[in-house]
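This report refers to the structure that appears directly beneath it.
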Amino acid sequence: MMEALLKVENIQTYIGQYHILQGVSFEVQKGEVTVLLGRNGAGKTTTLRSIMGLTPSLHGKVYYQQKEIQSLPTYKISGLGIGYVPEDQGIFGQLTVEENLKVAMKQQDEETKKRMEWVLNLFPDLKKFWKKQGGLLSGGQKQMLSIARAYLNNNQLLLIDEPSKGLAPIVVEKVMESIQEMKKQTTIVLVEQNFIMASAIGDRFYIIDDGKTAYSGKMHDLKEDEQLKRKYLGIA
Ligand SMILES: Nc1ncnc2c1ncn2[C@@H]1O[C@H](COP(=O)(O)OP(=O)(O)OP(=O)(O)O)[C@@H](O)[C@H]1O
Ligand SMILES: [Mg+2]
């Protein structure tokens, strides 16, 4: 078995007095899309934030490329090559598409230029609205800008939080295709409640329930498991 690119081992996270994560564990294999599923409030966003050191875990370990990172500050974690696309996208509303991308760029070498070209081909809308302010983009375009920004910086791993949220089905499809395309270049942890999207691009899944990893397996098997879907995801 290949060593996991990311390994989350029994992390426990408090927010204020609340014990939010009570034992989340999962592994991410290089080149795969690992999907975190679970109901609203299960702890999916907190899991990604804990990996990034935004809400650091109090117990447990996070390994990235076999090195412990759970005690590092966020800028160091991000500097290791982990890109984060938050739930609320976090783009600058006053800056144009071009400026949003330039502000995010940590280098301007050949590699980054190539990545910029690749990502603009993937999201032609960004090229089209190059001079438009981020705040004036549609929900789907904002999502694309946010993903593009995280991709630019030679990241080996992208953590993407619910990219389909609030988007029309046709736009969801577009975002899904782009993540599928992105998968050829990078490893992805995807939080996604849209099961159609999750099952179309995920290789493995982990279900987070009430702050704990409750179930895991190959995405292929979950598709057939109506009982499990009903129990943890409220769908069937
Ligand atoms: N700042 C906070 N203060 C108190 N509780 C919080 C805070 N942030 C999150 N929580 C709680 O932690 C739990 C997990 O939240 P989290 O955002 O991780 O869930 P989620 O699985 O991402 O949900 P959703 O699918 O709705 O995005 C929830 O019960 C939430 O209310
Ligand atoms: Mg969330």
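Atoms within a ligand are numbered from 1 in the order they appear, just like the ligands themselves.
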Are any of the side-chain nitrogens in D203 or K183 under 4.0 Å away from the carboxylate oxygens of its partner? yes
Strictly under 4.0 angstrom, heavy-atom based: which residues surround ligand 1? I15, Y18, I20, R39, N40, G41, A42, G43, K44, T45, T46, E87, E162, K165, Q193
Please work out whether the ring planes of F205 and Y215 are parallel, tilted or perpendicular, with thresholds of 30° and 60°. parallel
Using a 6.0 Å cut-off, check whether atom NZ of K218 has over 12 heavy atoms from anything other than its own residue. no
List the residues meeting ring pair (Phe, Tyr, Trp, His ring centres under 6.0 Å) with Y151, not counting sequence neighbours, and say none if there are none. W118
Show me the side-chain donor-acceptor pairs of residues 169-180 shorter than 3.5 Å, one per line, residues at least two apart or across chains.
from : atom 1 : to   : atom 2 : distance (Å)
K174 : NZ     : L122 : O      : 3.4
S178 : OG     : V175 : O      : 2.6
Q180 : NE2    : A200 : O      : 3.3

Results of side chain to side chain donor-acceptor pair (under 3.5 Å) for K127 - residues two or more places apart only: N121
Using a cut-off of strictly less than 2.8 Å, determine whether T45 has an N/O/S atom near the Mg ion (ligand 2). yes
